[in-house]
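Written below as structure tokens is the structure these notes are about.
Because the structure is predicted, anything quoted here is derived from the model rather than measured. FYI, the numbering just counts along the sequence from 1. For the numbers below, each heavy atom of this structure counts, side chains included, while hydrogens, waters and symmetry mates do not.
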Amino acid sequence: MSTLALWIPLLPLVSAALLAAVSLSDRGRKAVPAFAVFPTATAAVLTFVVLFGHGTGAATESRIRYAATGGPELWLGARVDGLAALIAVLVGVVATAVQLYSVTYMAHEERYTSYSALISLFTAAMLVVVYSTDLLVLLVGWEIMGACSYFLIGHHWERPEARSASIKAFLVTKFGDVPFLLGILFLAHGAGTFRIEPIVRHAIQQGGHGYTAAGAILLIGGVMGKSAQIPLQTWLPDAMAGPTPISALIHAATMVAAGVYVVARLYPVFLVTTAALWILGIAAALTSVAAALSAFAQRDLKRILAYSTVSQLALMVGALAAGGRDAAIFHLMSHGAFKALLFLGAGVVIHHAGSGDVDELNAHGLRKKLPVTFVTMTVGLAALAGLPPFSGFFSKESIAGAAYETATHSGPATSILPLPPSGIGWLILVATLLTGFLTAAYCLRTWWMLFWPLERRGVRKVPEPVGALPAPAFDEDAGAAALEALVAESAGNAAFAEASSMKPGTEPEAAPARRTGPEAPLAELSPLVVLAVLTTVFGFVGLNLGWFPSWLGDADGNAYRTAAAEAGKLIQPAGAYHLAPALVSTVLAVFALLLGAGLVAGALRSRPGTDPNRVLGFLRKPAREGFGADDVQDAIAVRPVQLAADGVAFLDTEVVDGYVRGSGVAARGLGEGLRRLQTGNVQLYLTGVLTGAVVIAAALGFGR
């Protein structure tokens with residue numbers, strides 16, 4: 001299977017090459033959808049072949065040495081274990097859904113060919129990250145993803161916000177990639193190789209000190225950048241300036257998932273480094289709660305989903321910090337399905353309504369006009385909120401259960417490596433429950449704002465407080481008709497102006513290309529239905545105590561065996577591999593869910609016609625602005641760099657160039673003086689010679 005995995009990334013890579021050739025030659029444009037979809041779909045099918053072929057066995061490798069450096073050798077190859085096989089399936093399925101969805105969604109785009117080529121290259125790079133057996137090769141895929149994200153987020157480069165968002169994403173993630181590279185070098189130096197298996201084995205044998213500890217801590221920089229965790233989380237909400245299918249791809253299966261995947265891939269390195277676990281745990285707790293508050297406060301649909309992704313990724317990072325590797329990967333896969341569903345559904349909504357602002361969407365009667373989107377997005381939001389029996393409930397509850405076991409050490413404690421500190425378990429448990437409460441609140445608020453009128457017929461509107469502006473109240477049908485007439489009237493001459501002035505996270509093509517006919521083409525609706533089905537049924541795999549751990553395998557790549565886990569011969573205790581809901585954590589999680597949903601329901605009932613996020617009170621404005629994280633980064637990083645650049649410019653222009661200009665002025669003055677002496681008057685020359693002779697004679701005479 002590892003030999004087959006070695007060739008899978010070539011399929012989307014060939015797709016990217018073919019599409020690039022078409023975009024340069026202007027020939028074969030009719031074949032662009034086929035070049036985009038079929039190679040990616042074939043790669044997705046082959047990832048299933050690798051998954052079932054690998055089964056529940058131990059890791060296998062196929063590799064060749066491609067560089068002899070005189071030190072650690074560099075290997076080109078594929079390593080297939082349960083983790084790689086499962087994540088590759090997620091990448092293939094979501095990438096195929098995005099390419100298929102884009103066939104009609106981006107059909108009107110002049111740059112659709114280059115867009116699909118970049119998606120294929122993006123997919124190939126993520127598959128390289130997933131299957132790579134060598135950390136330097138993994139780094140190559142890691143950096144190609146960063147470059148592709150730069151181009152895809154800035155796809156609509158004519159919009160200033162798209163250009164700035166792409167540059168911001170590139171720079172912020174690169175800031176984290178510097179320590180990430182150093183961490184790889186430290187690990188390779190300590191183990192004597194860049195291969196993953198010896199590095200993991202070295203960490204297990206030697207413990208978390210020296211080069212292993214330094215490498216683990218430095219790797220966190222790249223993880224925080226790619227997975228948008230505090231303090232490098234600011235790029236992801238702004239990345240919504242890119243087309244909606246790109247948001248689905250980045251948020252669900254690539255880019256942001258890469259950081260979580262690398263920690264899980266090198267998990268023993270982090271387990272033996274307590275300091276690294278604390279850093280991950282603290283960052284995850286802060287990010288999950290802060291991002292959930294920000295999602296609750298947003299008005300733009302895509303930015304709600306973006307902050308939601310930041311929060312959910314933090315839960316995965318927190319699970320890893322608390323010893324729940326299997327729970328983190330379980331949530332990574334379930335989140336990939338329902339978040340791709342939500343973003344693709346958001347694309348249908350935005351194209352239909354011509355806006356991503358939930359206040360405006362509330363007037364469109366989308367529940368009746370977009371029945372398939374309504375049902376599928378309801379499934380996605382229910383899963384995101386953690387509502388039983390959808391996948392998000394099982395995967396998030398498994399995180400709470402892992403944190404509870406670590407906090408109380410209630411499960412069997414026999415294992416090869418020690419348990420994380422109980423303090424991390426308590427920290428992640430509290431953060432998970434608080435995040436679940438907030439997630440349920442903003443999911444219900446988003447669902448209601450999208451599909452139900454804020455002021456329902458027969459419900460008396462409560463007046464706003466004195467001095468406040470009255471909230472707009474819309475009749476579901478009349479409001480939608482009035483807005484449609486207004487858009488139709490102004491769409492002609494103002495189309496380009498609307499596209500240029502939209503907020504980040506809103507499709508620039510949405511207003512000009514607003515749909516008035518059927519809900520959406522089959523190419524867009526079919527991925528929604530498939531992802532909704534996966535979201536509904538996937539969570540049940542956690543009920544079987546042995547299925548998911550057996551397919552995922554142990555953290556060192558060996559096979560999972562129940563007897564070995566109970567005997568303490570696996571990396572973690574037996575409880576860390578069980579994902580079925582536990583009584584205490586389930587009760588706490590459901591209580592948090594009901595409390596969050598009840599908060600929004602009470603707000604909707606008490607004051608109909610107003611946005612329920614008013615319950616945030618004084619936190620609403622700072623949460624909407626991301627708690628000033630951009631201002632902090634501006635003060636810490638941007639302004640000092642600008643001051644340093646100004647200082648360098650001053651030294652260059654006033655000091656270095658001053659010396660150059662001064663030498664020129666001196667030479668010019670000396671030449672001017674000598675020129676004045678050359679008058680051409682012979683008498684003046686003879687007078688000078690005579691004067692000189694007299695001076696010399698006098699000097700010699702006085703010298704005697």
Side-chain angles (χ1 to χ4, degrees), residues 142-143 145-183 217-242 246-247 250 255-256 258-259 279 282-283 286-287 290-291 293-295 297-298 300 302-303 306-307 309-311 313-314 500-506 619 621-656:
W142 183 277
E143 296 300 338
M145 280 197 300
C148 289
S149 68
Y150 169 78
F151 291 113
L152 288 169
I153 293 170
H155 176 76
H156 297 292
W157 49 262
E158 62 275 6
R159 298 171 59 211
E161 59 267 30
R163 294 196 299 270
S164 61
S166 64
I167 294 171
K168 183 178 183 179
F170 187 78
L171 291 179
V172 172
T173 54
K174 291 309 126 203
F175 186 82
D177 287 351
V178 174
F180 187 79
L181 172 60
L182 294 176
I217 293 172
L218 288 168
L219 285 177
I220 293 175
V223 172
M224 296 301 163
K226 278 290 190 287
S227 294
Q229 301 295 287
I230 287 177
L232 302 178
Q233 81 282 15
T234 56
W235 69 270
L236 192 56
D238 290 345
M240 297 305 96
I246 294 305
S247 302
I250 291 176
M255 192 72 173
V256 296
I279 294 172
I282 293 171
L286 292 174
T287 305
L293 285 169
S294 293
Q298 299 303 308
D300 184 82
K302 287 178 64 177
R303 289 180 72 85
Y307 275 110
T309 297
V310 175
S311 180
L313 287 169
S500 302
S501 62
M502 286 185 179
K503 299 183 291 297
T506 303
L619 288 175
K621 184 177 180 180
R624 182 174 294 170
E625 297 173 354
F627 294 101
D630 283 314
D631 296 332
V632 173
Q633 285 189 355
D634 185 67
I636 294 177
V638 178
R639 291 180 185 176
V641 170
Q642 288 178 339
L643 290 174
D646 293 340
V648 171
F650 174 80
L651 291 174
D652 182 53
T653 57
E654 302 300 329
V655 179
V656 177

Quiz prompt | Exercise: identify the closest heavy-atom pair between Gly626 and Ser294 | solution = CA-OG, 3.9 Å
Quiz prompt | Heavy-atom side-chain contact between Val638 and Gln633 under 4.5 Å | solution = no
Exercise. Quick one: closest heavy-atom pair of Ile230 and Met224, and the distance?
Key: O-SD, 3.8 Å
Quiz item: For the residue pair Ala635 and Pro640, what are the closest heavy atoms and their distance?
Solution: O-CD, 3.2 Å
Quiz prompt | Sidechain-backbone polar pair: Ser227 side chain, Val256 backbone, donor-acceptor under 3.5 Å | solution = yes
Quiz item: Can you name the closest pair of heavy atoms from Ala306 and Pro237 and give their distance?
Solution: CB-CA, 3.9 Å
Practice problem: Using the test side-chain hydrogen bond (donor to acceptor under 3.5 Å, both in side chains), find all partners of Glu143 that sit at least two apart in sequence or belong to another chain. | Solution: Lys174
Quiz item: Listed by chain and number, what are the side-chain hydrogen bond (donor to acceptor under 3.5 Å, both in side chains) partners of Asp631, not counting sequence neighbours?
Solution: none
Quiz item: Do the side chain of Thr173 and the main chain of Phe170 share a donor and acceptor less than 3.5 angstrom apart?
Solution: yes
Exercise. Check Ala228 against Gln233 and note the closest heavy-atom contact, atom names and distance.
Key: O-CB, 3.2 Å
Quiz prompt | Close side-chain approach of Lys168 and Thr234, heavy atoms under 4.5 Å | solution = yes
Quiz item: How long is the gap from CG on Leu182 to CG on Asp177, to the nearest 0.5 Å?
Solution: 11.0 Å
Self-check item: Separation of Leu171 CG from Phe175 CZ (nearest 0.5 Å)
Solution: 11.0 Å
Exercise. Kindly say whether Ala258 contributes a backbone atom to a donor-acceptor pair with the side chain of Lys226 at under 3.5 angstrom?
Key: no
Exercise. List the atom of Ala162, the atom of Ala241, and the distance in Å for their closest heavy-atom pair.
Key: CA-CB, 3.8 Å
Quiz item: Under 4.5 Å between any side-chain heavy atoms of Asp634 and Arg639, yes or no?
Solution: yes
Exercise. Please tell me if the side chains of Ile250 and Ile153 come closer than 4.5 Å, counting only heavy atoms from C-beta onward.
Key: yes
Practice problem: Measure the CZ-OH distance between Arg163 and Tyr150 for me, rounded to the nearest 0.5 Å. | Solution: 10.5 Å
Quiz item: For Thr309, which residues count as a side-chain hydrogen bond (donor to acceptor under 3.5 Å, both in side chains) partner, sequence neighbours excluded?
Solution: His251, Lys339
Practice problem: Working to the nearest 0.5 Å, report the span between CE of Met255 and CD1 of Ile246. | Solution: 11.5 Å
Quiz item: Quick check: does any side chain N or O of Ser311 sit under 3.5 Å from a backbone N or O of Tyr307, one acting as donor and the other as acceptor?
Solution: no
Practice problem: To the nearest 0.5 Å, tell me how far Leu219 CG sits from Leu181 CG. | Solution: 10.0 Å
Quiz item: Asp238 versus Glu161: any side-chain heavy-atom pair under 4.5 Å?
Solution: no
